[in-house]
Peer 1: 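To start, I am sharing the structure in question, which I have written as structure tokens.
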Amino acid sequence: MSASILVVEDEPAIQELIAVNLARNGHSVRRATSASEAYQAVAEALPDVILLDWMLPDAAGPSFARRMRAESRTREVPIIMLTARASDEDKVAGLESGADDYVTKPFSPRELEARIQAVLRRRTPQLSKEAVEIEGLVLNPATRKVEGDGKALRMGPTEFDLLHFFMTHTDRVYGRSQILDHVWGDHVFIEDRTVDVHIRRLRDALEPSGHDDLVETVRGAGYRFLSKR
């Protein structure tokens with residue numbers, strides 16, 4: 001699954017280079033040239049990753065990162081700091097402010113993509129491009145294909161995303177509103193009961209291989225995906 005990435009960079013040439021390469025790798029890109037623009041962008045919709053320049057015209061990157069970590073809504077959003085500051089003291093300061101990673105300029109597009117995939121695996125594993133396997137059920141986000149015991153399973157795009165989230169967050173109960181935020185995004189306003197419809201469709205899609213029993217209803221709480229039968 002591609003990620004939604006907010007690039008917070010005030011140098012137009014660097015911002016453009018980063019955005020073009022991110023789009024080439026299948027990511028959805030939004031841009032901000034200042035901390036105030038970034039706050040507004042985050043308020044409109046949570047990104048999956050924030051690429052944050054250290055030096056912004058209206059605030060330092062570390063202060064922006066600390067504000068993101070202080071608020072419950074943005075606490076878990078991965079932040080990668082981009083900076084020309086290469087000293088150990090600066091790296092420690094960036095990481096202590098709440099950044100998940102620290103990339104020193106100049107950097108290659110391949111290195112940046114690798115760092116993005118690494119924080120996605122740690123923070124939001126459902127956005128990683130790596131295949132996931134549970135009890136003979138295999139989901140490949142790169143090809144968007146699902147197999148159950150070697151049998152191809154057909155499902156809609158929303159059911160695929162729902163299954164990917166579940167398979168990377170097993171054995172924990174999630175309420176409908178939590179599932180909506182994780183799968184649809186917190187900026188999408190739809191009825192909680194929509195989740196029930198897609199859960200039913202997901203179970204129907206998994207039934208041919210017998211994996212529908214991995215999706216468990218927890219009465220009064222929500223749904224749980226089992227890591228083993």
Side-chain angles (χ1 to χ4, degrees), residues 1-42 44-69 74-132 139-145 161 164-165 168 182 185:
M1 187 191 301
S2 62
S4 168
I5 301 180
L6 175 61
V7 180
V8 188
E9 168 64 66
D10 66 329
E11 290 283 346
I14 296 175
Q15 186 192 80
E16 179 68 14
L17 179 64
I18 293 172
V20 167
N21 281 287
L22 292 175
R24 190 172 294 157
N25 283 309
H27 300 298
S28 170
V29 183
R30 292 189 295 152
R31 311 185 192 196
T33 58
S34 65
S36 58
E37 285 185 12
Y39 290 134
Q40 181 61 38
V42 171
E44 291 172 357
L46 276 182
D48 298 315
V49 180
I50 298 174
L51 300 183
L52 177 64
D53 185 33
W54 184 295
M55 297 297 293
L56 296 169
D58 56 348
S63 67
F64 179 90
R66 281 190 290 271
R67 179 169 171 179
M68 293 294 100
R69 294 293 174 251
T74 55
R75 187 171 295 140
E76 299 300 322
V77 177
I79 298 173
I80 299 177
M81 195 82 74
L82 308 178
T83 177
R85 296 169 178 258
S87 71
D88 288 342
E89 291 80 5
D90 288 327
K91 291 179 181 178
V92 170
L95 294 171
E96 286 184 343
S97 71
D100 294 87
D101 203 351
Y102 188 103
V103 181
T104 304
K105 300 175 182 178
F107 49 82
S108 71
R110 289 183 63 186
E111 177 191 5
L112 183 58
E113 178 63 18
R115 299 294 188 97
I116 290 169
Q117 290 301 319
V119 298
L120 286 174
R121 283 194 296 271
R122 293 197 301 271
R123 287 274 193 168
T124 49
Q126 77 273 19
L127 294 173
S128 168
K129 296 179 180 178
E130 294 185 349
V132 191
L139 179 147
N140 189 328
T143 60
R144 293 190 68 83
K145 292 183 179 179
D161 293 342
H164 196 188
F165 170 72
T168 52
H182 283 290

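It should be emphasised that the depicted structure is a prediction, and the values quoted were computed from it without experimental measurement.
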Peer 1: Do E37 and Y39 have side-chain heavy atoms sitting under 4.5 Å apart?
Peer 2: no
Peer 1: Identify the two heavy atoms, one from L56 and one from D10, that lie closest to each other, and give their separation to 0.1 Å.
Peer 2: CD2-N, 4.4 Å
Peer 1: Answer whether the closest heavy-atom distance between the side chains of E113 and N21 falls below 4.5 Å.
Peer 2: no
Peer 1: I'd like to know if E9 pairs up with R31 as an ion pair, taking the criterion as any Lys NZ or Arg NE/NH1/NH2 lying under 4.0 Å from an Asp or Glu carboxylate oxygen.
Peer 2: no
Peer 1: Is there side-chain contact between T74 and I50, with heavy atoms separated by less than 4.5 Å?
Peer 2: no
Peer 1: Show the nearest heavy-atom pair for residues V119 and P78, with the distance to one decimal.
Peer 2: CG2-CB, 4.0 Å
Peer 1: Do V77 and M68 have side-chain heavy atoms sitting under 4.5 Å apart?
Peer 2: no
Peer 1: Do the side chain of S28 and the main chain of S4 share a donor and acceptor less than 3.5 angstrom apart?
Peer 2: no
Peer 1: I'd like to check D53 versus K105 (side-chain heavy atoms, cut-off strictly below 4.5 Å). Are they in contact?
Peer 2: yes
Peer 1: Taking the side chain as everything from C-beta on, heavy atoms only, tell me whether V42 gets closer than 4.5 Å to P47.
Peer 2: yes
Peer 1: Between CG of N25 and CZ of R110, what distance do you get to the nearest 0.5 Å?
Peer 2: 10.5 Å
Peer 1: Can you tell me how far apart CG (L52) and CG (D100) are? Round to the nearest 0.5 Å.
Peer 2: 11.5 Å
Peer 1: How many angstroms lie between CD1 in I80 and CD1 in I5, if you round to the nearest 0.5 Å?
Peer 2: 7.5 Å
Peer 1: Return the minimal non-hydrogen interatomic distance between A32 and A38, and the atom names on each side.
Peer 2: CB-N, 3.6 Å
Peer 1: Any chance you could measure E16, atom CD, to E11, atom CD, to the nearest 0.5 Å?
Peer 2: 13.5 Å
Peer 1: Between R144 and D161, is there a side-chain heavy-atom distance shorter than 4.5 Å?
Peer 2: yes
Peer 1: Taking all non-hydrogen atoms of both residues into account, name the closest pair between H27 and Q117 and its distance.
Peer 2: CE1-NE2, 3.9 Å
Peer 1: Applying the side-chain contact (heavy atoms from CB on, under 4.5 Å) criterion to R115, which one of V49, L51, L82, D101 satisfies it?
Peer 2: D101
Peer 1: Could you walk me through whether H164 and V132 pass side-chain contact (heavy atoms from CB on, under 4.5 Å), step by step?
Peer 2: CA-CA 8 Å; H164 196 188; V132 191; 4.1 Å; yes
Peer 1: Closest heavy-atom contact between A41 and L6?
Peer 2: CB-CD1, 3.9 Å
Peer 1: Test your reading of the model: is there a side-chain donor-acceptor pair from D58 to the backbone of A35, 3.5 Å cut-off?
Peer 2: yes
Peer 1: Side chains of M81 and P62: does their closest heavy-atom pair fall under 4.5 Å?
Peer 2: yes
